[in-house]
Structure formats: C-alpha cells, structure tokens
Amino acid sequence: MTPETPAADPIGVFDSGLGGLSVLRALRRQLPQAPLRYLADSANAPYGDRSEAFIVERSQRIAQHLVAHGAKLLVVACNTATAAAVASLRERWPALPIVGVEPGLKPAATATHSGRIGVLATTGTLRSEKFRQLLARQGDAVRITAQPCPGLADLIERGALDTPELRAMVERCCAPLREADVDTVVLGCTHYPFVQHLIAAAMGPQVLIIDTADAVARRAAQLWQATEAAPAAADVVTLETTGDVESLRRVAASWLSFRCEVRAADA
Ligand code: DGL
C-alpha cells in the first residue's frame, strides 16, 4: 500500500507519547474536516520525570518539525510539556497560534459540591511554576489534593488498558484522593483519560471526573477558523512517532475510531 501524502497546512499536535491521542480524538470530533498531524515522542516518553531543560529541548525540536511540515496551529497535547515549554514555543513562534493543556482546576472548582478536589498528574506538572500559579488562582474556597502518579503514563504507553498492574497502579494513585474525600477528580495528564474507567472504579460512582480535552479542542477550533490555512477535507489523520511504528499502529487501531496513516518521525 502506498503511504498517503499528509494533507497540507495541518494542525500540529504533539505529546510525549500516546496520551495526546485523547486530545486528538476530541479535535477530530470538533473539526472532522481539518487536517491533523500528530507526533508521539514515544522514544523519549515519559516526560513526567524528565528535567525541564530536556522537555523544552524536545518540545522545540518537535514544534520545529511540525512547523516545517506546514502546521498553521500547534496543540501541545501534554500537560507536562505545556508547563515546561509552552512559553518558550510562544517566544520562538510569536505569530503561530499555540494551544496548551493544563489541569482543569477551574471547571473542577465550579463543579465541586464539597469543595474538595483531587488532581492526578505527573511529577513534572505538579512541581512546575505554572501549576503553582494555577493553584494560587483557585483561592481558598476549594481544598486541592494533588497526587503525582509516577509510572502511570508509562504503563498506559504500553497500550493495554486493563491489566492487573495498571489497576494496582491506579488504585495506589487514587487511594490518597479517597482519603481526602474529594468529590471531583481532575485528569491532569492527557494519558489518563484512557484509564478513566479504572479511575472511576477506584473513586466510586459519586465522584465526578474532569477531562479538559473537549474544552481544548473547542479553543483550538476557534483559533483554527481564524487561520488562513488552505481549506481541506482530510479523511486520514497522520500519526508520527519517534518510537515504534507498529505499536502506534496497533494502539491507533484500538483507541481511535478514524482512519490514520502511521509513520516514523525524524524529529
Ligand atoms: N501526557 C503527558 C501529560 O499530559 C505526559 C505523560 C508523561 O510523558 O509523563 O502530562
């Protein structure tokens, strides 16, 4: 089969690995015609325990690759990379619209009845200055329990979404949030929506789970409509990886419901 030529002027989307596919599928729902080009930096995942300098360097490199392939809008589909690198990307490409993701503390503060909110995220996101500022903006009306989940994104990267190991890890991450008696849990890493079923089971049916993928996709759609990208109707989404092409192909087939062309990335 001949590989298809990626559509021109895409929305460039990237993550440390497969987690950003949760944002990509929301983008596809929001903008079914828009050309999408996704890069999974799986050779370097997870970013959660990496240094800020490393994440900035990788984000710059990947954004450069997507811009070189015509991206007219960039979506940083990774909380950890947004916290570490979005400012440096905006500085380097001031005219390029860039959408980042951050833990949905604001929607959680609106939704909570008890005022007790839990956040699941990577160590990198939770120790970032950006997260500290986000917390400070919530004020005293809510009590926030932030739980780092080292290793969770890595297990999800392996592609199997219901293994005993994954259940045990989710249980360990959720236990402190149950103890804190939160009624709302924020998914502060784009990998975690893929195990939302396990998080919901660990937290119980009364707990609300907040994922910001749809809100991010709506924001990206607004900005996309304002760009001067050539009109296109893309029926295939381009997925690239710095890691193993076959495993991305398998994951795309089981996690996504639209047609994808999977290729190796030279980023
Ligand atoms: N998916 C990423 C996030 O939203 C990062 C996971 C990781 O690479 O540690 O934070």
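In listed order, ligands and their atoms are each counted from 1.
The shortest distance between side-chain heavy atoms of Leu239 and Glu261 does not fall below 4.5 Å. Side-chain contact check for Arg28 versus Val237: some heavy-atom pair is nearer than 4.5 Å.
The ring-ring contact (aromatic ring centres under 6.0 Å, His included) check on Trp255 picks up Phe194, with sequence neighbours excluded. Every residue two or more places apart in sequence or in another chain that forms a salt bridge (Lys or Arg N to Asp or Glu O under 4.0 Å) with Arg158 is listed here: Glu165. A search for salt bridge (Lys or Arg N to Asp or Glu O under 4.0 Å) contacts involving Arg29 returns Asp214, not counting sequence neighbours.
No side-chain donor-acceptor contact under 3.5 Å links Thr125 to the backbone of Ala121.
Near ligand 1, residues Asp15, Ser16, Pro46, Tyr47, Gly48, Cys78, Asn79, Thr80, Thr122, Ala153, Cys189, Thr190, His191 come within 4.0 angstrom through at least one heavy atom.
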